[in-house]
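Report on one structure; see the data block that follows.
Order of the sequence lines sets the chain letters (A, B, ...), proteins ahead of strands, with each chain counted from 1.
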Amino acid sequence: MNNKLNIQAWCSVQNGMVICNGKEIITVDNKQTFSASAKQVYKDQHWEYPKFFKMDRLSKLTFLTAEILMNEVTISSEEKESLAVVLSNKSASLDTDRKYQDSINSIENFYPSPAVFVFTLPNIGMGEVCIRHKIQGENAFFAFDDFNPLFLKQYAESLTQNNKAKQVLCGWTEIDEKGYNSFLYLASPNGTLPHTEESIKKLYTPS
Amino acid sequence: MQKPVYIQEASLITPLGFSVSENVSAIEKEQSGIQEQHCTDILDTPFYAAMIASEKIDAAFEKLGDPSKFMKLEKMMLLSVAETVEKSKLHISEKTALIIATTKGSIDALDPDNSFSEERAYLPVLGKKIQSFFGFKEEPIVVSNACVSGILAVAVAKRLIQNNVCENAVVVAGDLVSKFTVTGFNTFQALSDGPCKPYSKYRNGISIGEAAASVVVSSEKNKNTIIEVVGDGSCNDANHISGPSRTGEGLLKSIQSAMKEAKISANNIDLISAHGTATIYNDEMEAIAFNRANLQQVPLHSLKGYYGHTLGASGLVEAIVGFEAMKQNKLFTSLGYDESGTSKPLNIIQKVENCTVNTFLKTASGFGGSNAAVLFKKVAFEQ
């Protein structure tokens, strides 16, 4: 059985730079807010998906990284349907959790909103990507102290070895008070770059 | 052919008791942990929830350490893991994984009235507390995938063991009743006006609960091992971030994936412990998915009527009760059910019955379109 995975494509968003397969897609002013940057990418890419603007910051980051990556690869709708998605970060949804917490802290200023509460889960952005691309494969969201290339490799391989998926969209999508960064890659039998801890790490690390 | 993976030991910390036997005996007597709560620090109006008194946790925790040094969820998880590790006589090695499942972790650390640092709300920080307490060698793996986390974590453990990432794993799941989650579900108008009533015509929302649970998952059997994890699946609906799919697509796919792997057909499943949150849309979605999977005749319960919805803990808490159903060959009542309230039929368990339970399916569904299904089978004993 040949379930050997390669890294077919990848996309990272770091320090305002959006890079896909080594190619710079757009660089945004890192001093502006994340939401302004996300809007700039949306316009630059000519997306027509107004739901994007209803998302919280983590979901926007997850969505835009996945969107650029998925637009760069040739993948059929059947392949998308069974695609697995394995994402991770450090802060889960704390970025939006804080916003929700602020809305319930005092009786005088009590304004909890279902539209905010629904985003207080780290896997919602993954759900948005699945809706956008009709992905009904395996899903899992993990939290680690730091980017964990070895675990991503091991878990993606366990999914293909156990016949749960042929291709896996993997990565890290983190946003917190200190800043944001994301890195997604498509592990698949296609492509030539071997799916090793070293190559995942190398692609993630900004040059 | 993947190697077999077993459940060795389990423990429960819930409003029904701090041992599996206390929990099961309460369920057998159809006693619920859900009560009307008057906690104005959580919600200004009374609400129904299954909660554990902090004093009770602190008293139990004295044997492990200073209760003032740990947050409530940390103590619940530590108590659970301590018991599971002790019972299984687990030797924690480099090949032992620690897998933690939670929807919101110690989210109460964000509350300004809480004396702990906000850092404790970070899931990797919760992970490190448990890791260092017991001396796990490897970095903990935290699964935070909404309300499927607890049962998904069992699938993660199985997959990692089968692919030689680890030899065994301690899986611990837990979530709290907090101001954060109660006010949140309240803004969704998803809270029931009485103890929740899964699958009933009169259901009108969830009751929230809190619990911690843990199991040892291993490639090895010990003398008490009777349960094998034989199949799993966790598929997305790709439909809506908060509303359940109208077609039950992701749940159906998860169940089919688990059944295919286990080579078990619908008529060979003896018991389903479903998610059954008692919201209108969730229970309806499940009824559709189970019918599409041809499982409408299989005896089924939701345990939310006993525990409330314990979020990320629920899948593991309810699976552990299912293991007891397998051990005792007994079907436990789906508390709160009266008249059918789904458009498709289900075989809801309405009284405690003796019945051979050799195969058991646990399912869960959650926000983000997430679903999970894990199939368990009784180990054939070599005489």
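Between Thr120(A) and Phe180(B), some side-chain heavy-atom pair lies under the 4.5 Å cut-off. Contact of the Leu110(B) side chain with the Asp97(A) side chain is registered, since non-hydrogen atoms from C-beta on lie closer than 4.5 Å. Side-chain contact between Tyr122(B) and Asp176(A) is present, with heavy atoms from C-beta onward closer than 4.5 Å. Looking only at side-chain heavy atoms (C-beta outward), Asn163(B) and Glu157(A) stay at 4.5 Å or farther from each other. The closest side-chain heavy-atom distance from Thr187(B) to Tyr111(A) is not below 4.5 Å. Looking at heavy atoms from C-beta onward, Gln161(A) lies out of side-chain contact with Gln162(B) at the 4.5 angstrom threshold. Here the side chains of Asn139(A) and Ser370(B) are not in contact, with every heavy-atom distance at 4.5 Å or above. Contact check for Val165(B) versus Tyr155(A): no side-chain heavy atoms found under the 4.5 Å cut-off.
Contact record, Gly127(A) with Asn236(B): CA-ND2, 4.1 Å, taken as the closest heavy-atom pair. In this structure, Phe117(A) and Thr181(B) approach most closely via the heavy-atom pair CZ-O, 4.0 Å. The minimum heavy-atom distance between Ser144(B) and Pro122(A), with the atom names listed, is O-CG, 3.4 Å. The two residues Ala238(B) and Ile131(A) make their nearest non-hydrogen contact at C-CG1, 3.7 Å. Nearest heavy atoms, Gly368(B) versus Ile124(A): N-CD1, 3.6 Å.
With a 4.5 angstrom heavy-atom cutoff, Glu118(B) touches chain A only via side-chain atoms. Interface residue Lys253(B): only side-chain heavy atoms are found under 4.5 Å from chain A. Proximity to chain B is limited to the side chain of Leu94(A), based on heavy atoms less than 4.5 angstrom apart. Both the backbone and the side chain of Ile241(B) come within contact range of chain A, each with at least one heavy atom under 4.5 Å from a heavy atom of that chain. Contacts of Asn164(B) with chain A are absent, with no heavy-atom separation under 4.5 Å from either backbone or side chain. When heavy atoms are compared at a cutoff of 4.5 Å, Ile107(A) does not approach chain B at all. Looking at Asn371(B), there are no atoms closer than 4.5 Å to chain A (heavy atoms on both sides), in backbone or side chain. Only the side chain of Ala92(A) comes within contact range of chain B, with at least one heavy atom under 4.5 Å from a heavy atom of that chain. Contact of Lys260(B) with chain A is not made at all, since no heavy-atom distance falls under 4.5 Å.
Among Ile141(B), Leu123(B), Val142(B), the single residue meeting the side chain to side chain contact (heavy atoms under 4.5 Å, CB included) criterion with Phe144(A) is Ile141(B). When the options Asn145(B), Ile99(B), Val156(B) are evaluated for a side chain to side chain contact (heavy atoms under 4.5 Å, CB included) with Phe142(A), the one that passes is Val156(B).
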**Q.** Derivation and outcome, side-chain hydrogen bond (donor to acceptor under 3.5 Å, both in side chains), residues Glu261(B) and Asn163(A)
**A.** CA-CA 9 Å; Glu261(B) 180 186 358; Asn163(A) 294 316; over 6 Å; no

Q) For Glu81(A) and Cys235(B), what are the C-alpha separation, side-chain angles and deciding distance, and is it a side-chain contact (heavy atoms from CB on, under 4.5 Å)? A) CA-CA 10 Å; Glu81(A) 194 183 310; Cys235(B) 299; over 6 Å; no

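Between the side chain of Lys164(A) and the backbone N or O of Ser234(B) there is no donor-acceptor pair closer than 3.5 Å. Between the side chain of Asn123(A) and the main chain of Phe367(B), a donor-acceptor pair closer than 3.5 Å is present. Listed for the Gln136(A) side chain is a donor-acceptor partner under 3.5 Å among the backbone atoms of Asp237(B).
In terms of heavy-atom pairs under 4.5 Å with chain A, the best-connected choice from Asp44(B), Asp111(B), Asp113(B), Ile100(B) is Asp111(B). Interface check for chain A: of the options His240(B), Glu139(B), Lys128(B), Gln189(B), the most heavy-atom pairs under 4.5 Å are formed by Glu139(B). Interface remark: of the candidates Gly233(B), Gly127(B), Gly250(B), Gly366(B), Gly233(B) forms the most heavy-atom pairs closer than 4.5 Å to chain A. Note: Val143(B) leads Val143(B), Val148(B), Thr103(B) in heavy-atom pairs under 4.5 Å with chain A. In terms of non-hydrogen atom pairs under 4.5 Å with chain B, the most contact-rich of Leu121(A), Val85(A), Asp102(A), Asp145(A) is Asp145(A).
To the nearest 0.5 Å, atom OG of residue Ser158(A) and atom NZ of residue Lys158(B) are 9.0 Å apart.
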